[in-house]
Amino acid sequence: MKRRLLTMTLMAFLLGVAGCENADTAKTTESVTDVASEEATTEAVAEDVSEQEEASTQETAKEEKDSNADEELVKVTFTGKNDDVYNDLGNMIVYVYYTRPVVEIAGNEAASTAINQELEDDEAAFDMNCETLAAEAKQMLADEMTEDVSPYANEVRFSEKRIDDKVVCFERYNYTHNGGAHGNTFYFGWNFDVETGKRLTISDIAEDEEAFMANVKDYVLALCESDAYNSRLFPEYQDYIDYVLQDDLWYFDQEGITFIANIYEIAAYAEGTIRFTVPYNELEGLKPEYAYDGGFQKSYALGETAQIDLNGDGTADEITFDAEETSDYMYVAKLTINGADYSNVLEDNNFYFAYPYEKFVVMDIDESDEYLEIAIQDYGMSDDPATAFLRYDGSQVLYLGEVYDRVSDLYITSNGDGILHARERMHIFETVNRKVKYNIVDGKLTQCMDELYPIAYVDASREKGLLQDLYVFTDMSTSSDVVKLDKETEVIVLATDNAEWVQVQYVEDGKIYYVHVVNHYLIDMNGLEVDSREVFTPIIQAG
């Protein structure tokens with residue numbers, strides 16, 4: 001077991017080790033639903049029968065969970081729509097965008113249905129709000145040109161925070177603008193129980209809600225007094241902190257429970273959204289069924305000094321990372337460990353460092369080795385995020401490599417097997433994200449070479465209409481049989497190797513086929529090279 005010295009009590013993980021082949025290993029649960037009791041002559045008998053049947057259902061669920069350990073328990077895909085509104089002059093007067101997750105829990109249709117129904121209800125409410133906004137915008141902006149006035153807007157996006165065999169957690173982002181100097185952005189937490197599909201409240205996750213929240217409040221108030229927060233808050237923030245520490249404003253992630261302080265709550269608009277994370281090891285009274293089993297992960301603010309054992313020698317290392325702005329409005333990395341300057345490591349390894357993220361993260365990718373990894377994110381050209389990984393071996397800092405994803409969206413497989421999950425842009429067919437896995441091999445961050453990676457649709461729909469007949473292969477080989485799929489039908493895009501193959505499912509018969517990509521966006525159409533935009537709709541390709 002690794003020994004870690006932290007400024008706070010550190011949780012220990014005693015978990016097994018596995019290879020890339022077992023990265024998707026997860027536990028499976030059966031639905032635990034309300035069981036209708038058989039007819040009984042008295043209410044007491046009916047109640048007793050119901051309790052017995054529920055206990056039986058829970059036992060069945062446990063057996064299913066144990067027997068299906070090799071299945072991926074929770075699958076999350078996204079569906080989105082963009083329904084902008086225009087005036088009679090052809091100018092956009094309302095920007096409308098909505099994307100929501102679709103959750104599938106293996107062996108638990110009832111829980112999946114319950115979660116998806118809540119999300120569908122949210123979309124329905126969003127649609128109603130958009131109708132009201134459109135009516136107002138048509139009245140106010142009917143004769144306006146969009147270059148002279150900002151269009152109204154309503155946008156919702158969900159992002160995954162913690163997905164495992166216990167909970168499914170999202171952060172909901174909502175941007176609205178209906179005139180005025182600027183729009184407003186608000187965030188909310190959506191947390192679900194995997195077994196029941198129930199949306200979770202504080203009372204659901206705490207042994208004693210009052211004691212739990214008292215402990216949380218003490219920790220958050222201590223954070224507020226730290227240098228990373230204090231200068232950003234209203235002087236009277238303590239009078240309003242209870243407005244932050246409440247249901248719908250929290251979510252679980254890899255570090256702990258995070259509470260969201262939206263704009264104006266405890267700070268000025270210019271400070272934006274402020275988040276407070278209470279680590280799992282500080283959560284007194286969290287119910288065991290919601291405890292986190294994944295690898296260690298902790299964020300630190302830029303300029304903050306962390307005391308943590310990076311190389312497993314039993315001694316805490318002192319690490320500070322900051323970003324110094326230059327005269328040309330760029331930034332230079334400043335990294336020191338135990339007083340030694342390692343600021344050149346990112347530059348020497350050609351890591352583009354221009355618009356740094358407000359935090360850096362220390363995480364344990366692989367519990368079988370003695371090291372913790374340092375993750376540093378940057379927003380590069382076109383606001384494309386990239387996260388570099390470093391390792392300190394006691395005498396030098398080693399550059400492990402980089403992942404093209406936000407550090408806040410990365411997560412480590414919960415069984416501690418050394419697998420880092422990320423989303424990265426596809427280089428072929430369409431400019432959307434695919435889910436990828438990495439591990440550390442010979443001191444380098446290395447992509448696990450799965451045959452196919454599922455596509456993570458956040459900004460596009462998996463369902464594609466066919467503009468012309470599509471020629472596909474029955475296997476991932478150009479020597480396999482060719483099948484023609486009729487135009488004006490639909491396929492569902494499932495996965496890709498990001499090299500030359502895209503896996504699709506034909507909606508007409510449910511069969512799986514493969515599209516051969518011969519060059520970037522060009523696909524093989526029975527010997528002809530055709531741009532994928534001429535075959536599929538909708539499709540997204542960066543300019």
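These numbers come from the heavy atoms of this one structure, side chains and all, not from hydrogens, waters or symmetry mates.
Across all non-hydrogen atoms, the minimal contact from Tyr280 to Arg162 is OH-NH1, 3.0 Å. Taking every heavy atom of both residues into account, Ala388 and Leu346 meet most closely at CB-CD2, 3.9 Å. Annotation for Ala333 and Phe321: closest pair CB-CE1, 3.8 Å, computed over non-hydrogen atoms. Contact detail for Tyr331 and Ala323: the closest heavy-atom pair is CD2-CB, 3.9 Å. Here the closest heavy-atom approach between residue Val96 and residue Asn82 is recorded as O-ND2, 2.5 Å.
For Tyr506 (side chain) and Glu508 (main-chain N/O), no donor-acceptor pair under 3.5 Å exists by modelled atom type. At distances below 3.5 Å, at least one donor-acceptor pair connects side-chain atoms of Asp497 with backbone N or O atoms of Glu500. For Ser112 (side chain) and Ile105 (main-chain N/O), a donor-acceptor pair under 3.5 Å exists by modelled atom type. Asn311 places no side-chain N or O within 3.5 Å of a backbone atom of Tyr392 that could act as its donor or acceptor partner. In this structure, the side chain of Asn519 does not engage the main chain of Leu522 through any donor-acceptor pair within 3.5 Å. Side-chain atoms of Asp364 do not come within 3.5 Å of backbone N or O of Gln297 as any donor-acceptor pair. For Asp475 (side chain) and Ser477 (main-chain N/O), no donor-acceptor pair under 3.5 Å exists by modelled atom type. A donor-acceptor pair under 3.5 Å is formed between the side chain of Asn116 and the backbone N or O of Val103. Of the possible donor and acceptor atoms, none in the side chain of Thr387 sits under 3.5 Å from a partner among the backbone N and O of Ile376. Put simply, the side chain of Asn262 gets close to the backbone of Tyr187: a donor and an acceptor are under 3.5 Å apart.
By the neighbour-count criterion of 12 heavy atoms within 6.0 Å, atom CD of Glu120 is densely surrounded, having more than that number from other residues, nucleotides or ligands. Taking a 6.0 Å sphere around NZ of Lys75, one finds it holds 12 or fewer heavy atoms contributed by other residues, nucleotides or ligands. Applying the 6.0 Å contact sphere to NZ of Lys287 captures more than 12 heavy atoms from other residues, nucleotides or ligands. Residue Phe188 qualifies as enclosed at atom CZ: its count of foreign heavy atoms under 6.0 Å is above 12.
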Discussion item. Run Ile319 and Tyr342 through side-chain contact (heavy atoms from CB on, under 4.5 Å) and show every step you take.
Written reply: CA-CA 10 Å; Ile319 171 175; Tyr342 297 99; over 6 Å; no
Discussion item. Using side-chain contact (heavy atoms from CB on, under 4.5 Å), reason through Val76 and Val102 one step at a time and then give a plain yes or no.
Written reply: CA-CA 6 Å; Val76 178; Val102 178; over 6 Å; no
Practice prompt. Check the pair Val345 / Leu390 against side-chain contact (heavy atoms from CB on, under 4.5 Å), numbers first and verdict last.
Written response: CA-CA 9 Å; Val345 173; Leu390 311 176; 3.9 Å; yes
Worksheet entry | Full working for ring pair (Phe, Tyr, Trp, His ring centres under 6.0 Å) between Tyr514 and Phe473 | CA-CA 5 Å; Tyr514 299 87; Phe473 293 88; 9.2 Å; no
Practice prompt. Assess whether side-chain contact (heavy atoms from CB on, under 4.5 Å) is satisfied between Thr489 and Lys487, documenting all intermediate values.
Written response: CA-CA 5 Å; Thr489 56; Lys487 66 179 181 180; over 6 Å; no
Fill in: Verdict with supporting geometry, Glu402 and Tyr404, side chain to side chain donor-acceptor pair (under 3.5 Å)
CA-CA 7 Å; Glu402 58 197 68; Tyr404 296 97; 2.8 Å; yes
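Classification of the Trp250-Phe252 ring pair by plane angle, with boundaries at 30° and 60°, yields perpendicular. Below 30°, between 30° and 60°, or above 60°: for Phe158 and Trp190 the angle between ring planes is above 60°, a perpendicular geometry.
Residues Lys298 and Glu255 are not paired through a salt bridge, judged by the lack of any N-O separation under 4.0 Å between the basic side chain and the carboxylate. Using a 4.0 Å cut-off between charged side-chain N and carboxylate O, Lys81 and Glu123 make a salt bridge. Note on Arg391 versus Asp393: no salt bridge recorded, every NZ/NE/NH1/NH2 to OD/OE distance being 4.0 Å or above. Taking 4.0 Å as the cut-off between side-chain N and carboxylate O, Lys464 and Glu430 count as a salt-bridged pair. Ionic pairing of Asp121 and Arg100 is not present here: no N-O contact between side-chain nitrogen and carboxylate oxygen is shorter than 4.0 angstrom.
Between Phe259 and Phe276, the distance from one ring center to the other does not fall under 6.0 angstrom.
To the nearest 0.5 angstrom, Lys359 atom NZ is 11.5 Å from Gln377 atom CD. Annotation: the span from Cys169 atom SG to Lys161 atom NZ amounts to 10.5 Å, rounded to 0.5 Å. Between the CG atom of Asp322 and the CG atom of Leu335 there is a distance of 10.5 Å, given to the nearest 0.5 Å. Considering CZ of Arg172 and CD1 of Ile260, their distance stands at 11.5 Å, rounded to 0.5 Å. Between atom CZ of residue Arg275 and atom OG1 of residue Thr258 there is a gap of 8.5 Å, rounded to the nearest 0.5 Å. The CG atom of Asp469 lies 8.5 Å from the CG atom of Leu485; values are rounded to the nearest 0.5 Å.
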Throw together a table of side-chain donor-acceptor distances under 3.5 angstrom for residues 529-538, partners on residues two or more places apart or in other chains.
residue: Asp531; atom: OD1; partner: Arg533; partner atom: N; Å: 2.9
residue: Asp531; atom: OD1; partner: Arg533; partner atom: NE; Å: 3.1
residue: Asp531; atom: OD2; partner: Arg533; partner atom: NE; Å: 3.3
residue: Asp531; atom: OD2; partner: Arg533; partner atom: NH2; Å: 2.7
residue: Ser532; atom: OG; partner: Phe429; partner atom: O; Å: 3.1
residue: Ser532; atom: OG; partner: Tyr521; partner atom: O; Å: 3.3
residue: Ser532; atom: OG; partner: Gln541; partner atom: NE2; Å: 2.8
residue: Arg533; atom: NE; partner: Gln541; partner atom: OE1; Å: 2.8
residue: Arg533; atom: NH1; partner: Gln541; partner atom: OE1; Å: 3.4

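Between Glu109 and Thr113, the closest side-chain pair of non-hydrogen atoms falls below 4.5 Å. Phe389 has its side chain within reach of Val403: a pair of non-hydrogen atoms, C-beta onward, lies under 4.5 Å apart. Counting only heavy atoms from C-beta outward, the side chains of Ile365 and Leu400 never approach each other to under 4.5 Å. With a 4.5 Å cut-off on side-chain heavy atoms, Asp164 and Asp293 do not count as touching. Residues Leu73 and Val194 meet the side-chain proximity criterion, which asks for heavy atoms closer than 4.5 Å. Using a 4.5 Å heavy-atom threshold, the side chains of Asp366 and Asn439 count as separate. Residues Glu171 and Asp253 form no side-chain contact, since every pair of their non-hydrogen atoms from C-beta on lies 4.5 Å or further apart.
Checked by atom type, the side-chain pair Asn498/Thr496 shows no donor-acceptor distance below 3.5 Å. Side chains of Asp83 and Tyr98: no donor on one and acceptor on the other come within 3.5 Å. Checking Asp524 against Asn526 by side-chain atom types alone, no donor-acceptor pair falls below 3.5 Å. A donor-acceptor pair shorter than 3.5 Å can be found between the side chains of Asp204 and Thr201.
Taking the ring axis of Tyr97 as reference, the NZ or CZ atom of Arg157 stays within 45° of it and closer than 6.0 Å to the ring centre.
Applying the side-chain hydrogen bond (donor to acceptor under 3.5 Å, both in side chains) test between Arg199 and each of Asp193, Asp247, Asp248, Asn191 identifies Asp248 as the sole match.
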